[in-house]
Student: 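What follows is a single structure, and I will ask about it in a moment.
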Amino acid sequence: MNEAFDFQSGETHIEVHKFLPFAVAGVTILALFVQAFVPVYFPRLAILDLPLIITIYFGLSRRNPSSGLMLGMVIGLLQDSLSGPTVPLGLFGIAKTVIGYMASSIGARLDTEHPAARFALTVIFFGVHQGILVLTRRLLLAQPETWFTFQLAVAATFNAIVAVFLFAFLDRLRKRQ
Amino acid sequence: MATFPSRHRSLVLLAGVILAQVVLLAVQIKRDSQGRMIRVWAVGAVSPFERGGSWGVGRVRDTWRHYFALQNTSRENERLRRENDELKLQLTQLQGKAAESDRLAALLHFREAHRSNPMINARVIGVSVGTASRTVDIDRGSRDGIRRNMAVITPDGVVGKVIEVFATTSQILLLTDKESGIGAMLAESRIQSPVGGNGEPLLVMKYVANDDNVKSGESVVTSGMDRIFPRDLPLGTVTEVKAGNPFKQIRVKPSANLERLEEVIVLLSQEPLEMKNEAPAGQQNSAGAGAVKAGTSETRKENR
């Protein structure tokens with residue numbers, strides 16, 4: 001899963017990061033566990049979307065759209081599975097597939113190492129993720145859903161702040177070139 | 001076989017993966033299937049960690065309370081020794097123990113009070129991953145006699161119902177979930193109407209006519225009409241009443257603290273619970289609701 005992206009279209013100046021063995025799988029499982037467990041004791045942390053942050057991070061770092069979207073799909077489907085039967089399999093799966101693809105594609109074209117860029121991208125991806133969720137609910141599930149609320153803006157900002165620090169920590173799992 | 005340029009390959013893969021998931025969604029809706037196998041695997045993989053985490057948090061909490069808290073107490077003891085501190089230390093220790101056992105005592109008292117009703121205590125070990133649903137995971141499953149659609153409560157009031165059962169864990173749909181619905185009635189006026197969630201902390205009472213008189217502060221209890229929850233369990237309190245079209249807009253604050261659930265009770269049958277007035281200090285809420293229900297128990301007996 002950690003293979004380098006083959007840039008044949010003049011984008012070789014962007015560095016592709018590889019990760020320590022099992023880092024991707026380990027971080028993914030840990031993120032899902034923390035997401036399921038921590039809000040039991042700290043309910044306000046339920047606004048945190050760690051699976052989304054992880055999808056964005058590995059997409060931006062590995063810069064391979066194919067592996068990015070596949071990882072997004074796996075994380076999304078696992079999130080669906082752990083969200084109870086009221087959430088059909090595919091709801092988060094579709095959203096995170098798209099986010100994984102977008103993050104990988106953007107990561108292959110822009111330098112996304114600066115904290116400000118990471119903050120802005122996380123806010124944008126959070127919004128896109130929410131938009132896809134609402135669209136899926138409305139179009140495919142015929143469920144009414146609000147497009148935007150103040151809580152979503154707060155959640156986007158909070159997730160972006162956490163992402164900046166978490167990304168810096170996850171950078172340490174990269175293999176040294 | 002046609003080949004795609006490498007730069008389009010990922011785009012084709014994206015389209016294929018999304019299409020596959022759209023089909024997966026459509027199949028679930030059409031067949032009302034929930035992809036149980038994938039869920040069993042996912043829950044089975046995560047629940048041991050959740051159990052371990054829950055156990056670990058319990059140990060850390062115990063250590064904190066029994067060791068560090070006592071260290072603080074001993075420092076305080078030194079400071080207050082000049083003021084006849086021994087009695088105060090004793091009191092502090094008693095208060096610490098009382099606080100620690102309050103929740104469990106409330107559960108125990110509730111169970112003692114309803115010995116004839118089969119029920120089982122459970123610990124909350126996880127919550128739904130994401131904000132799309134409001135569910136919690138408990139550490140009891142089919143091996144403990146849990147079945148789908150069993151009612152889940154705390155001594156304070158209704159929590160939700162069992163929606164998925166695995167061997168050693170179960171998932172509970174909280175009242176606040178968008179898909180949640182429960183037969184309810186106003187305790188005083190006995191007006192019946194379903195109460196449901198909308199993903200927010202407050203519940204919504206849906207079909208009360210504008211002509212009906214509903215007061216803010218009025219208690220809401222279960223009606224038993226959904227054949228899941230026994231009648232007259234405390235559900236919540238009306239916090240807001242507005243005229244609407246065609247029905248009143250009524251917001252209800254749940255009696256149980258759904259934001260902070262650590263232990264719950266699963267009712268193993270739908271037998272009505274005989275709610276009593278006497279309750280320990282930690283159960284003021286349910287006692288209040290119990291007073292309302294005392295007036296309805298006679299009706300229940302008549303029905304029998």
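Throughout, a chain's letter reflects where its sequence line sits, starting with A, and its residues are numbered from 1.
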Student: Which answer fits B/Leu173, side chain, backbone, both or neither, if we ask what part of it has an atom under 4.5 Å from a heavy atom of chain A?
Tutor: side chain
Student: Give the minimum heavy-atom separation between A/Tyr41 and B/Ser54, together with the two atoms involved.
Tutor: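 Looking at all heavy atoms of both residues, the closest pair is OH-OG, 3.6 Å.
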Student: Looking at A/Gly90, A/Ala36, A/Ala46, A/Ser105, which one has more heavy-atom pairs under 4.5 Å with chain B than the rest?
Tutor: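 Max contact count across the listed options: A/Ala36.
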Student: Below 4.5 Å from any heavy atom of chain B, which atoms of A/Arg137 appear? Answer side chain, backbone, both or neither.
Tutor: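 Just its side chain gets close to chain B.
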Student: Where on B/Val17 is there a heavy atom nearer than 4.5 Å to chain A: the side chain, the backbone, both, or neither?
Tutor: side chain
Student: Heavy-atom cut-off 4.5 Å, strictly under: side chain, backbone, both or neither for B/Ile163 against chain A?
Tutor: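 Both parts, heavy atoms under 4.5 Å.
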Student: With only heavy atoms counted, which part of B/Leu261 is less than 4.5 Å from chain A, the side chain, the backbone, both or neither?
Tutor: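 For B/Leu261, the backbone is the part near chain A, not the side chain.
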Student: Which one, A/Leu140, A/Asp49, A/Leu78, leads in non-hydrogen pairs under 4.5 Å with chain B?
Tutor: A/Leu140
Student: Is it the backbone or the side chain of B/Gln171 that comes under 4.5 Å from a heavy atom of chain A, or both, or neither?
Tutor: side chain
Student: Which one, B/Asp137, B/Val57, B/Val23, leads in non-hydrogen pairs under 4.5 Å with chain A?
Tutor: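 Top option by heavy-atom pairs under 4.5 Å: B/Val57.
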Student: Provide the closest heavy-atom pair for B/Leu25 versus A/Leu89 in the form atom of the first, atom of the second, distance.
Tutor: CD2-O, 3.5 Å
Student: Does any heavy atom of chain A fall under 4.5 Å from the side chain of B/Ser128, the backbone, both, or neither of them?
Tutor: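 Looking at B/Ser128, backbone and side chain both touch chain A.
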Student: Tell me, out of A/Gly72, A/Gly68, A/Pro39, A/Gly93, who's got the most heavy-atom pairs with chain B below 4.5 Å.
Tutor: A/Gly93
Student: To the nearest 0.5 Å, how far apart are OH in A/Tyr101 and CG in B/Leu11?
Tutor: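 CG of B/Leu11 is found 4.0 Å from OH of A/Tyr101.
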Student: State whether the side chain of B/Ser133 and the backbone N or O of A/Ser83 hold a donor-acceptor pair below 3.5 Å, judged by distance alone.
Tutor: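 A pair under 3.5 Å: yes.
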Student: Please determine whether a side-chain nitrogen of the Lys or Arg among B/Glu259 and A/Arg44 lies less than 4.0 Å from a carboxylate oxygen of the Asp or Glu.
Tutor: no
Student: Among B/Ile18, B/Ile125, B/Thr135, B/Leu14, who wins on heavy-atom pairs under 4.5 Å with chain A?
Tutor: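 Looking at each of B/Ile18, B/Ile125, B/Thr135, B/Leu14 in turn, B/Leu14 comes out on top.
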Student: Atom CG in A/Leu91, atom CD in B/Gln21: separation rounded to 0.5 Å?
Tutor: 10.0 Å
Student: Using heavy-atom distances under 4.5 Å, tell me whether A/Glu145 contacts chain B through its side chain, its backbone, both, or neither.
Tutor: side chain
Student: Tell me, for A/Leu69 versus chain B, whether the close heavy atoms (under 4.5 Å) come from the side chain, the backbone, both or neither.
Tutor: side chain
Student: Identify which part of A/Thr136 has an atom lying under 4.5 Å from any heavy atom of chain B, answering side chain, backbone, both or neither.
Tutor: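 Looking at A/Thr136, just its side chain touches chain B.
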Student: What do the steps show when you test A/Val40 against B/Arg260 for side-chain contact (heavy atoms from CB on, under 4.5 Å), and what is the final call?
Tutor: CA-CA 7 Å; A/Val40 173; B/Arg260 275 196 180 274; over 6 Å; no
Student: Side chain, backbone, both or neither: which part of B/Val22 has an atom under 4.5 Å from a heavy atom of chain A?
Tutor: both
